[in-house]
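Here is the naming used below: chain letters follow the sequence lines, and residue numbers restart at 1 for every chain.
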2 protein chains.
Amino acid sequence: MKKITIGGASKRSGVKVPTIRYYEGIGLLAAPSRSEGNQRSYEPADLRRLTFIRHARELGFEVDAIRTLLSLQDEPNQSCASADAIAKARLVEVEQRIRSLTALKAELEMMVEGCGHGRVDQCRVIEVLADHGECMHSHH
Amino acid sequence: MKKITIGGASKRSGVKVPTIRYYEGIGLLAAPSRSEGNQRSYEPADLRRLTFIRHARELGFEVDAIRTLLSLQDEPNQSCASADAIAKARLVEVEQRIRSLTALKAELEMMVEGCGHGRVDQCRVIEVLADHGECMHSHH
DNA sequence: CTACATCCTCTAGTGGCTAGAGGTGCAAGA
DNA sequence: TCTTGCACCTCTAGCCACTAGAGGATGTAG
């Protein structure tokens, strides 16, 4: 088996080199063996774990949630209820975030459209910020 | 004129007490006058400024952007092109974020629906994370 | 006068990295 | 063999926008 350097692991997993060291530091990834010259040497299993972490991060899971998901993956006989619960909670978060951002979008659109491109004292952008009663405040 | 304590300013503006002090520290809000006992004493103008800041933060503007917006508000004769540009940039950000979150939502829904609530080794949640090729990866 | 809430300053912590300093290891070309 | 130059090492500090807590002063109601 050929040794995988941290740079190689980074390229293959899509996780940046300092981030890999960071994950090791916070115990998300086990410390790998070292070469004679004290350089980290990864195995294929580490690459899979890193890729798993990256996907989970891309889906917005927090590191603590990923810790749980990883420990579940390590014990395939367990019930997947926890994994399901974590994913569902994340789904609810995402839905809430989309709703709130959609309200913001509408508000920003009104601000931008209302801007007559004149002077500040007639600018709807500044006006709305100064007096929020003018906006639809659907996100309150 | 009655003196407004930091607590009163907090209640009326909706900005937390430590956050008001923080805004003073980073120069977003001018240091107010002090009472004999060295306690901050705010004026109505400060309340308006704090409320402006809170609205802008709720709309997701960064502190630096708010700094610019505030300085624009202070000079009503200027063109509002900068305010317009800032709001437009924020709008683009929000639209991008909504698109990306919508893709995530679809992916999470697939994960959750596919979960047969059995054991981990058949769990779609874990599976998708371990092998992202299975997902639609529309956010790449 | 005595509670007790509110205020003060200061430091350190949050999450999830990222940047930089200052030094070592290693592989390929001259 | 030597040297060049990149990749690696550790460690500390910084990012954003706050938030928490220690330890003490002030202000107010009963």
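Contacts of B:R21 with the nucleic acid, taken as non-hydrogen atoms under 4.0 Å apart, include base atoms. If you check every strand for non-hydrogen atoms under 4.0 Å, B:F61 touches nothing.
Between A:I20 atom CD1 and D:dC8 atom P there is a gap of 9 Å when expressed in whole angstrom units. We find that CD of B:E24 is positioned 17 Å from C1' of D:dA17, with the value rounded to whole Å. D:dC18 atom P lies 12 Å from atom CG of B:L50, rounded to whole Å. A straight line from OH of B:Y23 to C1' of D:dC18 spans 8 Å, rounded to a whole angstrom.
Using a 4.0 Å cut-off, no side-chain N or O of B:T19 falls inside it from OP1 or OP2 of D:dA17. Side-chain N/O atoms of B:R57 include none lying less than 4.0 angstrom from OP1 or OP2 on D:dC16.
With values rounded to the nearest 0.5 angstrom, A:E127 atom CD is found 10.5 Å from B:Q73 atom CD. Once rounded to the nearest 0.5 Å, the distance linking OG of A:S71 with CG of A:L69 reads 8.0 Å. Atoms CG and CZ, from A:L59 and A:R54 in turn, are 10.5 Å apart once rounded to the nearest 0.5 Å. For the atom pair CZ of B:R49 and CD of B:E43, the computed distance is 13.5 Å after rounding to the nearest 0.5 Å. Here the CG-CD1 distance, from A:L108 to B:I86, works out to 12.0 Å after rounding to the nearest 0.5 Å. Considering CD of B:Q78 and SG of A:C123, their distance stands at 11.5 Å, rounded to 0.5 Å.
In the 5' to 3' direction, nucleotides of DNA chain C lying under 4.0 Å from heavy atoms of chain B begin and end at C:dC7 to C:dT9.
When side chains are defined from C-beta on, A:L91 counts as touching B:E109, because their heavy atoms get closer than 4.5 Å. Side-chain contact between A:I98 and A:T102 is present, with at least one heavy-atom pair separated by less than 4.5 Å.
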Sugar-phosphate or base contact per nucleotide [nucleotides 24-30 of chain D; S, B, -; heavy atom under 4.0 Å]:
--SS---
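In terms of position on DNA chain C, the residue among A:V63 and B:R34 whose nearest nucleotide sits closer to the 5' end is B:R34.
Taking only side-chain atoms of B:Y22, from C-beta outward, the nucleotide of D:dT19, D:dC8, D:dT10 with the closest atom is D:dT19.
The environment of CD in A:E95 is crowded: more than 12 heavy-atom neighbours from other residues, nucleotides or ligands sit within 6.0 Å.
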